[in-house]
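Here is the structure we will look at.
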Amino acid sequence: MPNIDRRDFIKLVGAGGVGVGAGVVLRESIKHPKEHLIPHVLAPEDYSSGVATWYNSVCSMCSAGCGISVRTREGRAKKIEGNPSHAVNQGGLCAVGQAGLQVLYNPDRLTGPLLQSANRGSDGFTQITWEDGLTRVASRLDVLRAAGRGNRIALLTRGVGGHLAELLESFAEGVGTDQLHHYDYDHPHALYAANERFFGKQHLPYYDLSNTRHLLSFGADYLAGWLSPVHHSLGFANSRHGGDNRGYFVQIEPRMSPSGAAADEWVPAKPGTEGILALGLAHHIVASGHYEGEDINEWKDVLSAYTLEKVAEETDVSESVLRRLAESFANASPSLAIGGDGAGNNSNGVDTLVAINALNYLAGNVGEVGGVIFNPDPAGATSHSRQANYQTLAQLAESARAGEIDVLILNDVNPVFTMPLASEFKAALAQIPFIVSLSSFIDETSALADVILPSHTYLESWGDAFPEQGVGFSIGAVSQPVIAPLYNTKATGDIVLDLARRIGKPMRWDSTEDCIKDGWNKIYQESDSNTRTESFESFWTALLKAGVWGKKNHLKTDTSRPNANTIASIGVDAPTFSGDAELYPFVLQPYRSGMHDGRAANLPWIQELPDAMTSVVYGSWVEINPKTAKDLGLTEGDLVDIESVEGAVRAPILVYPAIRPDVIAMPIGQGHTNYGRYASNRGANPLEILSPLVDDNSGNVASNATRVKIVATGKHVEIVKTGGKSRDLGRDIVQTTGGDDHTAQTNSIPITVIPT
Amino acid sequence: MSFLDRITEGWRKNRKPGYYEDFDYHWAMTIDLDQCSGCGACVTACQAENNLPIVGEDAFTKGREIKWLRIEHYWEGEYPDVKLNVIPMMCQHCDSAPCETVCPVSATYHNQDGLNTQIYNRCIGTRSCAVYCPYEVRYFNYNDHTWESPLDQQLNPDVSVREKGVMEKCTFCIQRIRQAKDNAKDDGRRRVRDGEVQPACVQTCPSKAMVFGDRNDPQSQVSQSLNDPRSYKVLDELNTNSSVVYLKKVEAEG
Amino acid sequence: MHGEPNQLKYTDIHNDVVRSIVETGPNYYIALVTAFALTLICFFFPWFYQLYYGIGAAGMNHPSVWGTYLASFIFWIGLSHSGTLLSCVLHITNSSWRKAMYRSAEAMTLFSLVVAAIMVMVHVGRPWFIHWAAPYPNQMEMWPNFRSPLLFDVMAITTYLTGSTIFIYMGSIPDFAAVRDRTRGWRNTMYSLMSLGWRGTDTEWHRLHWAYTFLAVLIIPLAVSVHSIVSWDFAMSIVPALHQTIFAPYFVVGAIYSGTAGIVTVMFVLRKFMDFGQYITELHFDNLGKLLLVLSLLWTYINVVEVFTGFYSGASGETEALNYRLFGFYAPLYWEMITFCAIAPLLCAFKSFRTSFVPMLVLSIAINIGMYTERFLIVATSLSRQYLPDAWGLYVPSAVEISILLGTFALFTTLFLLFVKVFPSVSMYEVKETMESPKKSPPAASEGSPA
Amino acid sequence: MKNFVVGLFGDPESALAAAGSIQTADLGTPELMSPVPMEGVEEVLGEKKSVIKRFSLFGAIFGGISGFLLAAITAVLYAHPTGGRPIITFPPYLIITYELTILFGIVFTVIGFFVSARLPNGLWTAWWKQDENRPYVPEAAVNKFAVSVTCTSNESVQQAEAILRTAGAEEVRDVTEEN
């Protein structure tokens, strides 16, 4: 009977549907058999939370060397916080520092030694034992060393400071090579060169933002990436509200950075003309009688060409602004001028930074509180003398191509990602017969390795750090393991020590810890015997507990003057750019956003952290001026090719209100091809298309000197960002008050630099 | 006391709106916008402390990120006279919170510390609190979130992980407040000292723009900061009576 | 097969109505199976998926945390309004033209409410705990928050559902009794149970009349309160363009408006497919058309007031929200709504339009599309443009949401199809009442003659 | 012995007239059964009063008071401060009061209807079956108007039958109770 069939059908379908629904509801309702209706938000009275153990250590996410306190529970690190007693960060910590935990717990971390059993660059890695891996590497090294061809071994490591640097030196010496290079993309080569030329010092001075009353920042994103951002943030805040009158901050850069946003004034000078602008200000200071030194005539001579009129024309900053800046800079005491990547990574980078030093000198800021203060020599080794600039790496690549390198040892360094494609660095690596990587992750460079001996993360291993940019006196801190190693990995130092033993050149330490302790023993011995603790052991314990060590050895005010030759050498040429201005109308500024140099791109918290200026997450973008966008008929999300002479990258347009119309900017950090699940195949890497235009004075690539053109692809993508409409439409959400009636500073919370 | 007296007394007491002054603590926060650089360290610190999920790119595309604390950006003017104002925005712990009244199941209410609490496992997910909140700081779990092993080992054991269908928001790191109270009790102190408890965002702020403390204590840093002439509340015209107070950004002339 | 209405006899009505219950053709089964299958496929399966995955299956986001589910909820609550409310008003005002259609109208109320209640379950994040919103003693130290507009809703809808159920049932008791005598088997048992032994005595009629009148008196303010309370879910918030004093009357008028249009649709369907052409006549469409015209003018008036006062205020939030509604992303929907709900119903000014069945059907459907759009716009445009511009968002419904929205219509149809086989879908005794009662006549023509 | 004499009429006027005659003839108040409410019954058989309105009023008052107390007392018992409002807040609780007023008003109206109309029929026995004490003619639900007279003797049966026939009954039925 057809009716029955229909009914049966209805019944069956109905029963099935109801059954599924009931099942889902049932599953959900019984999933938590104990639905305590008062959770931890209001914990029951008899509940007591577990007790955490805190370890003080050092952050290794960048080279600033902030002190950290790591909270651990049940043997697992749970949270990283700034160490309040560390003079560099005083309890503060940046987002990348917070995300250090995800280096430790990253799902893409290597869990044991790997051997490339297929073609290089493929996924053909197989698990091997440490014994196997170390033997393979040691045998290679041994052969070369024994044959006296140790120089065919190259070591390329990330910037390692402190006593680990000594350990690596010792290893290099043991195998008989001088090819030991530290490489950090963001190492300020130009700044070192400029300071050496002007001040005659190979170390970074301490820029005392904290006490300055007037800051001129030439392309230095001091709050977000330059040298020691957390310390600068403290200084920035303190200068604004810690003292009697509020510091005035001026940011001179073609694309507004977070520091530009925080500044009181943003001056979009033409890219590469920062030095000319500085000399213009210097000219005005000297010409208007603010400088009264004995060498005033020499200065007048050298600055005569930089009249405000000419400078205004060259920099695209009006004369009145220049005059005002010069006057307020000269009148404010103390004042400070700093020059960062935006100014230094140009074809005239070193000259520019020298000009900025000159400005500081003329305004009387050198050696003054609130100005440029020279650090005492660091207590431990620093890496600058070994830091590889672009030219060094290009040479290494050249040697590799020439077949002069047999073994390359990589330590947590990713030059394949940060070197421009034009350097053909990756292709050069292919010529090296044997590559070992000590990285914790497979990145673009490690992927080319034959053997990967994964090292501990910084939270599992020993180390120490003596912050290069300093705080005006000697400080250092020990990095200690806060949890037992998660995986079958070894500390970098231990791997090196082991290799040294295997090639018959054992070093004088048994372990990394031993090496660090040995180094600190020396510091202990050199310290004042009247004030120091009874024994090294008690000193060591106290050091680990505090996480930081410091010595109040402020240098006396430096009164030395630059000699006549130095003064005579001052002068900034107009910047040169690669690419024809007609064909390539825009200057590309790759800038460091939250991802550091790209090494933080595999941390999901960082990927999900909205960009400080644009609130974009998970991807790359091209910032262009609204007017430019209108002229080109581009809107947000239009996919474009950014083409330079060297190549092209593809990214969506983001209309950015605060960038010069002749400049486009792209963040560095995305565009990884092989860096784990969170970073791979996401966004674009603007470093790829940079021209290898080198500033000969620093030997580094002028990364802001590549001209590009924008080629619309006609495609459109949605830029993933968290913000809605970034205009407050008169709703007074962020309220401001005039400069005159800010009687507030007395009520603000004073920030003190804690001398330890 | 007669029965009638008891009723009248209870009536009077419960008809009184301003009972918040009686609270043991009255936690409050000030954020100095002149010191804030919008770096986002607080955002990540919050994510680390409070087990905020890693939602993935797709969720961001759909606008379903969960950030108890976010940085809002407001541009002002056009190039070249352009400015960016940033403001960290999190639950304002309003004393007259619109979100609290609307919850049909009392999953959000004011606790004895003057905090606006969200009780996750009482929440049935009507999302009306998020509609009623003018600050848009309530975040909804549109699906269950997972942590790829071993990222889950980082999870803070003092904070519960929220399931799908539940609203969540900033708690002023209530677990830290709890811990501080326990510590105070263990030390035989009656009250938590000023500065003894800091939410993760305040703790990590590189420019120390945030101050947290007890408003009931007139000596506390936060009380002094609240008296700052620059202090203002966002959307104060809505009478939410918020516990997060901002200090105006100073626009200085060069 | 039948003559003009005025030639109808009591027995004809009786036969027609009973026939509509007991005689079931294959078309009915096809319709029922289709409707039920669509309910399962479009409504229940997507919903089950959503239960499994989370509300993320829908398109909602931050800050647009409310979406089509809530719009559907308001829509169905609104649709419910004309049935019982209209029936009550017309009952009290003794409008006899109500009588042929009120039963179906009340059924519409009932099923719309049921669908609306289910939409609440679909809307919330954890429907398996929805009973926590009910005040029942428990050991979990839990009690609902009576200060919440949402709890007002719970109370109001519960009351309304109870009241409407009782109202439709009370009115049907005499008809159950009449059907009882004509059926056999399980139907007889069922109708015996439901008719409560009704005999149709003068006392029973008297009591029924009074009870029914009291119910009507109670339900009118209830119905008004229900939609006012629904509007307060929005108006009690401080969201720009939602925090409006006019919202309660706006919602009530909108509800009656959409409900009346819904009645027109249902009337048309009943007339067409249940052969009730003799009872549901041009008169009904004419009257409903007039009602629609009045309501559309009221509705338009309120809309104009809302826009006018909003723009006059000059407050950034208010103007921005209105601007967005009128000219923003959702603007096409807004103007579609204005066309369907404010302009098209003006056609009802013409009697020839009001008395044409198909155009009225088209209009009624257009009005309800417009009214759904209105509810959607209230949710979507306001929530995505709140106080903090940097938290603005955009909300587009997902496939699951659209499917569930369509599924609700299938669910409603299924319920209605079941209803017509259980309830006499035209009130027999009241239709009889509207007719000339049989006149005293010679025995040869004892069954009464036309007037 | 109890007999019910039921006369079936084709039109309401005849039935009403018959009912009036029955009452005049002192045969007790007859019961009318009809498919529609009949007009003019009260003029013929006397005014009817129902208690329903009292039920409604009581229900509404009871509902109102219990509504407010439900909200207020439980709020004091589970004191959850929300939104800076007092624990006992008038505006919201008035809405609860209002809704419960109507809810209980409705429920009590229904109860009042059942009580006063003596429904369900035969509440304490098998109430869905026809009560033998109450005569019923199915035609009265369709198109006939019935007048039912309760008779206690044979004379009254005959008298009633006569009156009904005179009044124009199409059919007169004698329904006799068993006991």
Side-chain angles (χ1 to χ4, degrees), chain B residues 55 58-67 70-75 85-87 89 98-109 119 121-145 163-167 234-235 237-240, chain C residues 51-67 70 120 123-133 140 142-154 233-234 236-240 242 315 317 379 382-384 386-396 398:
Chain B
V55 295
D58 195 38
F60 274 94
T61 317
K62 290 179 175 159
R64 292 183 187 156
E65 70 274 11
I66 294 182
K67 298 260 180 258
R70 63 169 189 264
I71 310 280
E72 294 212 333
H73 299 80
Y74 294 104
W75 289 96
N85 294 324
V86 292
I87 181 167
M89 187 54 66
C99 61
E100 287 172 359
T101 42
V102 75
C103 181
V105 290
S106 287
T108 178
Y109 74 102
I119 302 175
N121 48 11
R122 189 176 280 195
C123 177
I124 60 171
T126 68
R127 311 190 283 290
S128 36
C129 48
V131 171
Y132 276 49
C133 173
Y135 303 97
E136 306 293 328
V137 287
R138 290 179 153 269
Y139 291 87
F140 187 68
N141 282 278
Y142 285 95
N143 46 272
D144 277 328
H145 295 286
E163 73 157 355
K164 71 183 174 203
V166 168
M167 192 62 74
V234 171
L235 302 180
E237 67 272 21
L238 299 176
N239 276 330
T240 51
Chain C
L51 286 172
Y52 169 78
Y53 178 79
I55 291 292
M60 283 165 272
N61 57 30
H62 179 88
S64 301
V65 290
W66 283 350
L70 207 68
V120 173
H123 170 76
V124 301
R126 303 206 295 176
W128 45 96
F129 291 134
I130 199 151
H131 54 282
W132 289 351
M140 297 183 285
M142 216 183 62
W143 199 252
N145 173 14
F146 284 110
R147 266 157 274 172
S148 159
L150 271 76
L151 208 79
F152 305 165
D153 252 3
V154 173
D233 286 354
F234 300 96
M236 295 295 187
S237 76
I238 46 179
V239 177
L242 287 188
V379 176
S382 313
L383 295 190
S384 51
Q386 296 189 39
Y387 288 103
L388 302 179
D390 203 36
W392 284 357
L394 185 66
Y395 160 66
V396 180
S398 73

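Computation of the quantities below employed the complete heavy-atom set of this structure, encompassing side-chain atoms and omitting hydrogens, waters and symmetry-equivalent molecules. Sequence lines set the chain letters: A, B, ... in the order given, protein chains first and strands last, and positions in each chain run from 1.
Using a 4.5 Å heavy-atom cutoff, the side chains of Y132(B) and S237(C) are in contact. Counting heavy atoms from C-beta outward, E237(B) and L235(B) have side chains that approach closer than 4.5 Å. Using a 4.5 Å heavy-atom threshold, the side chains of V55(B) and H145(B) count as touching.
Not a single donor-acceptor pair under 3.5 Å links the side chain of S64(C) to the backbone N or O of N61(C). In this structure a side-chain-to-backbone donor-acceptor pair under 3.5 Å is missing from R147(C) to N145(C). No donor-acceptor distance shorter than 3.5 angstrom exists from the side chain of R64(B) to the backbone of N141(B), with no hydrogens or angles considered.
By number of non-hydrogen pairs under 4.5 angstrom with chain B, the leading residue of L151(C), V120(C), I55(C) is I55(C). Put simply, of D153(C), D233(C), V124(C), the one with the most heavy-atom pairs under 4.5 Å next to chain B is V124(C). When V131(B), N143(B), V234(B) are compared by the number of non-hydrogen pairs under 4.5 Å with chain C, V131(B) comes out ahead. Comparing L388(C), L394(C), L242(C) by heavy-atom pairs within less than 4.5 Å of chain B, the highest count is held by L388(C).
Ring to ring, W66(C) and Y395(C) are not that close: their centroids are 6.0 angstrom or more apart. The aromatic ring centres of H62(C) and F140(B) sit 6.0 Å or more apart.
Proximity to chain C (any heavy atom under 4.5 Å) is shown, for M167(B), by neither the backbone nor the side chain. With a threshold of 4.5 angstrom between heavy atoms, C99(B) does not approach chain C through any atom at all. Of the atoms belonging to F146(C), not a single heavy atom falls under 4.5 Å from chain B. P134(B) touches chain C through backbone and side chain together, each having a heavy atom under 4.5 Å away. With a threshold of 4.5 angstrom between heavy atoms, P389(C) approaches chain B through its backbone and through its side chain. At a 4.5 Å heavy-atom cutoff, the contact between I124(B) and chain C is made by backbone and side-chain atoms alike. Of the atoms belonging to V65(C), heavy atoms from both backbone and side chain fall under 4.5 Å from chain B. Heavy atoms closer than 4.5 Å to chain C are found in the side chain of R70(B), but not in its backbone.
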